Amino acid sequence: MILSIESSCDDSSIAITEIKTKKLIYHKKISQELEHSKYGGVVPELASRLHAIALPAILEECTPWFSQLKAIAVTNEPGLSVTLIEGVVMAKALSITLNIPILPINHLKGHIYSLFIEKEVQLPLTVLLVSGGHTQVIEVKSHEVMETVATTMDDSYGESFDKVAKMMDLGYPGGPLIEKIALDGDSSRFVFTVPLWQSPLIAFSYSGLKNQVRLAVEANTSEDYPDIACAFQKTATDHLLQKLKKYFKLQKPQRFAIVGGASANLYLRREIEILLAIYKVPLLLAALEFCSDNAAMIGRAAVEEYARDNFVNYTDVMVNARCKL
Ligand code: KG4
Ligand code: ZN
C-alpha cells in the first residue's frame, strides 16, 4: 500500500491506496475553509500551522496500515511553499521511521488522476484543469507524456471566483458562493467583455474581467450582486468555451475531462457538455468529493509512479512552489 499526503494549500489530507488493485482503502481530509473565510482568501502562515495540527491527527488513524506500506507519496509541487513543507516533512519522517522510499507527486498530475480513483480511464485524454491556482488545457497522451497546451496569463478561473466573492464580502472559497447567488441572477443586466476574444492566442486571462466586475460592484449595491455574479460566471465560462472551440479546430479530442476544484461548477459542466455534444466527444468528471484538493488523487497518481520505480530518497525530496506539470 501507499500512504499519500496532500498539503499544497488549505486542505490537510491523507489517503491509503492499494498498489495492486489501485483501490482507495482510506481517505480523510480536513479543510480549513472556515478559518480562512474571514480573510477572504488563504493566509499561508495560518494554513501551515493548521496543517501541523491536522496532518498528525489524521495520521494517527493510519497506524494499523503502517506495516503494509511500501512507499510514502507526497505533493511536493506546485503550491504554497509553507504548506507543502508540512506534508513533505511528514513524508520524510515516515520514510526514515518505516524505512520506505518517497514518491514526490506533482499536484497538477494529482488532479488528473482524480479521474482514475473510482474507475479506469482510457488515454489519450484532453483535460481542462480549473482550480484556484491553475487554468490549463493538458493533453494526457500516456501516463508518462502529459503536455500543457494552454494556460492562463494571470489569474486562474477559480481564483477569479474567489476574488469576486471577496469584493462582495461573501467569504471563501468564492466558487460555490458565487455559483449559488448567480442562480438568482439575470446574466443580461450586466455585460462584461470576454477576455482575449479578439486574440488568436489559445490562452486564458482573468485579471481584466476581475477589474470589470470590481467597477460594477463599486457602482452598484448588494441587491445587484446576484446579477453581477451571474454575468461574471457566464463571461468567465464563455472565455473558456471560446478558447476551447479554437483549440478543438486544431486538435479534436477523443475524450475530454474537467478536473480541479472549479470542475464542481454546474454551470461550467453544463456549458462544456453542450460544446462537447457538437463534437460528439464524451465528458469525464471525477466524483465531487475528489474535485477539490485531496490525498486520494495523490495516492492514485503515486501508483503509476510506483510501477515506474520513480522513488526518491528522503534527502532529495524538494519543495517546489512554482512549477509546471
Ligand atoms: O483544486 P482546488 O481545491 O485547489 C487548488 O488546487 O487551487 O480548487 C479550489 C478552487 C477555489 O478557487 C474555489 O473557489 C474553486 O476551486 N471552486 C469553484 C467551485 N467550487 C470550488 N469555482 C467555481 N465554481 C464552483 N462551484
Ligand atoms: Zn488543487
Side-chain angles (χ1 to χ4, degrees), residues 4-13 29-33 36-37 39-42 44 47 51 74-80 83-84 87 105-115 117 127-136 138 151-152 155-168 170-183 185 204 206 209-210 213 229-230 232-237 239-240 257-272 285-298 300-301 321-325:
S4 53
I5 307 167
E6 160 63 39
S7 68
S8 66
C9 190
D10 60 341
D11 294 296
S12 315
S13 181
K29 159 164 146 172
I30 297 178
S31 294
Q32 309 171 355
E33 288 170 356
H36 296 290
S37 186
Y39 303 106
V42 176
H51 283 306
V74 63
T75 305
N76 71 319
E77 59 178 29
L80 300 169
T83 64
L84 284 167
I105 305 293
N106 179 294
H107 182 78
L108 310 184
K109 208 171 189 180
H111 274 301
I112 293 170
Y113 278 96
S114 64
L115 298 163
I117 296 170
V127 174
L128 173 67
L129 165 63
V130 274
S131 68
H134 296 85
T135 301
Q136 298 192 346
I138 302 161
T151 188
T152 180
D155 292 349
S156 74
Y157 181 79
E159 185 182 11
S160 69
F161 280 71
D162 294 334
K163 289 184 174 168
V164 168
K166 191 173 179 182
M167 290 172 207
M168 297 179 177
L170 297 179
Y172 172 87
L177 301 166
I178 292 290
E179 183 178 9
K180 186 159 178 265
I181 70 161
L183 289 174
F204 306 106
Y206 282 98
L209 174 59
K210 178 185 70 188
V213 175
C230 194
F232 156 71
Q233 178 175 255
K234 181 178 183 311
T235 312
T237 307
H239 176 35
L240 290 178
I258 326 174
V259 301
S263 68
N265 186 292
L266 295 181
Y267 177 77
L268 169 68
R269 285 180 172 204
R270 203 175 56 235
E271 291 298 310
I272 297 250
L285 295 158
L288 266 184
E289 63 175 311
F290 301 127
C291 288
S292 55
D293 292 349
N294 65 84
M297 66 188 196
I298 303 303
R300 183 60 188 82
R322 293 191 170 272
C323 81
K324 297 194 175 123
L325 187 66

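From a predicted model like this one, the values you see are computed outputs, not experimental measurements. One-based numbering along the sequence shown. Order of listing sets the numbers, starting from 1, for every ligand and every atom in it. Computed from heavy atoms alone, side chains included, the values below leave out hydrogens, waters and symmetry copies.
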What atoms in ligand 1 come closer than 4.0 Å to a heavy atom of [X]?
| X | result |
| --- | --- |
| Glu179 | 25 (C), 26 (N) |
| His107 | 6 (O) |
| Gly174 | 14 (O) |
| Phe161 | 23 (C) |
| Ser292 | 3 (O) |
| Ser131 | 1 (O), 5 (C), 6 (O), 7 (O), 8 (O), 10 (C) |

Got an N/O contact under 3.5 Å between [X] and ligand 1?
| X | result |
| --- | --- |
| Gly260 | no |
| Gly133 | yes |
| Gly158 | yes |
| Asp11 | no |
| Asn265 | yes |
| Tyr157 | no |
| Ala264 | no |

Starting from [atom], locate the nearest protein heavy atom and write down its residue, its atom name and how far away it is, to 0.1 Å.
| atom | value |
| --- | --- |
| atom 2 (P) of ligand 1 | Asp293 OD1, 3.3 Å |
| atom 1 (O) of ligand 1 | Gly261 N, 2.9 Å |
| atom 7 (O) of ligand 1 | Gly132 N, 2.8 Å |
| atom 13 (C) of ligand 1 | Asp162 OD1, 3.7 Å |

* Proximal candidate to atom 22 (N) of ligand 1 [heavy atom criterion; set Ser31, Gly175, Pro176] ->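 Nearest heavy atom to atom 22 (N) of ligand 1 lies in Gly175.
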* Look at atom 15 (C) of ligand 1 and find which of Pro78, Ala262, Ala165 reaches it with the closest heavy atom. =>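 Answer by nearest heavy atom: Ala262.
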* To do: Report yes or no: does a heavy atom of Gln233 sit under 4.0 Å from some atom of ligand 1?
  =>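 In this structure, Gln233 fails to qualify as a contact of ligand 1 - no heavy atom is under 4.0 Å.
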* What do you reckon, does His111 put a non-hydrogen atom under 4.0 Å from ligand 1? ->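 In this structure, His111 qualifies as a contact of ligand 1 - some heavy atom is under 4.0 Å.
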* Asked: When you look for heavy atoms under 4.0 Å from ligand 1, do you find them on the side chain of Glu159, its backbone, both, or neither?
  ->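 Backbone only.
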* I would like to know whether Ile298 and Val74 meet side-chain contact (heavy atoms from CB on, under 4.5 Å); could you show each step before the answer? => CA-CA 7 Å; Ile298 303 303; Val74 63; over 6 Å; no
* Hey, do the aromatic rings of His239 and Tyr206 have their centres closer than 6.0 Å? ->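 When the ring centroids of His239 and Tyr206 are compared, they turn out to be within the sub-6.0 Å range.
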From [atom1] ([X]) to [atom2] ([Y]), nearest 0.5 Å:
| X | Y | atom1 | atom2 | value |
| --- | --- | --- | --- | --- |
| Leu325 | Leu129 | CG | CG | 8.5 Å |
| Lys166 | Tyr172 | NZ | OH | 11.5 Å |
| Glu159 | Asp162 | CD | CG | 7.5 Å |
| Tyr157 | Ser131 | OH | OG | 12.5 Å |
| Asp155 | Leu209 | CG | CG | 9.5 Å |
| Ser156 | His134 | OG | NE2 | 8.5 Å |

* Asked: Looking at residues at least two apart in the chain, or sitting in another chain, which of them share a side-chain hydrogen bond (donor to acceptor under 3.5 Å, both in side chains) with Ser4?
  ->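 side-chain hydrogen bond (donor to acceptor under 3.5 Å, both in side chains) list for Ser4, sorted by chain: empty.
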* **Evaluation steps, side-chain contact (heavy atoms from CB on, under 4.5 Å), between Thr83 and Asp10** => CA-CA 8 Å; Thr83 64; Asp10 60 341; over 6 Å; no
* Distance-only donor-acceptor check, side chains Asp293 and His111, under 3.5 Å ->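 Side chains of Asp293 and His111: pair found under 3.5 Å.
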Test item: [X] side-chain N/O and [Y] main-chain N/O as donor-acceptor pair under 3.5 Å:
| X | Y | answer |
| --- | --- | --- |
| Gln32 | Ala47 | yes |
| Thr152 | Phe204 | yes |
| Asn106 | Lys324 | yes |

* To do: Assess whether atom NZ of Lys234 is packed by more than 12 heavy atoms of other residues, nucleotides or ligands within 6.0 Å.
  =>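 No - once you tally the heavy atoms of other residues, nucleotides and ligands closer than 6.0 Å, there are 12 at most.
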* **Atoms (protein N, O or S; no water) under 2.8 Å from the Zn ion (ligand 2)** =>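 There are 3 of them.
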* Applying side-chain hydrogen bond (donor to acceptor under 3.5 Å, both in side chains) between His51 and each of Ser8, Ser13, Ser12, Ser7, report the one that passes. =>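 It is Ser12; the other options fail the test.
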* For the pair Glu6 and Asn294, evaluate side-chain contact (heavy atoms from CB on, under 4.5 Å) and give the outcome as yes or no after the intermediate values. => CA-CA 6 Å; Glu6 160 63 39; Asn294 65 84; 5.9 Å; no
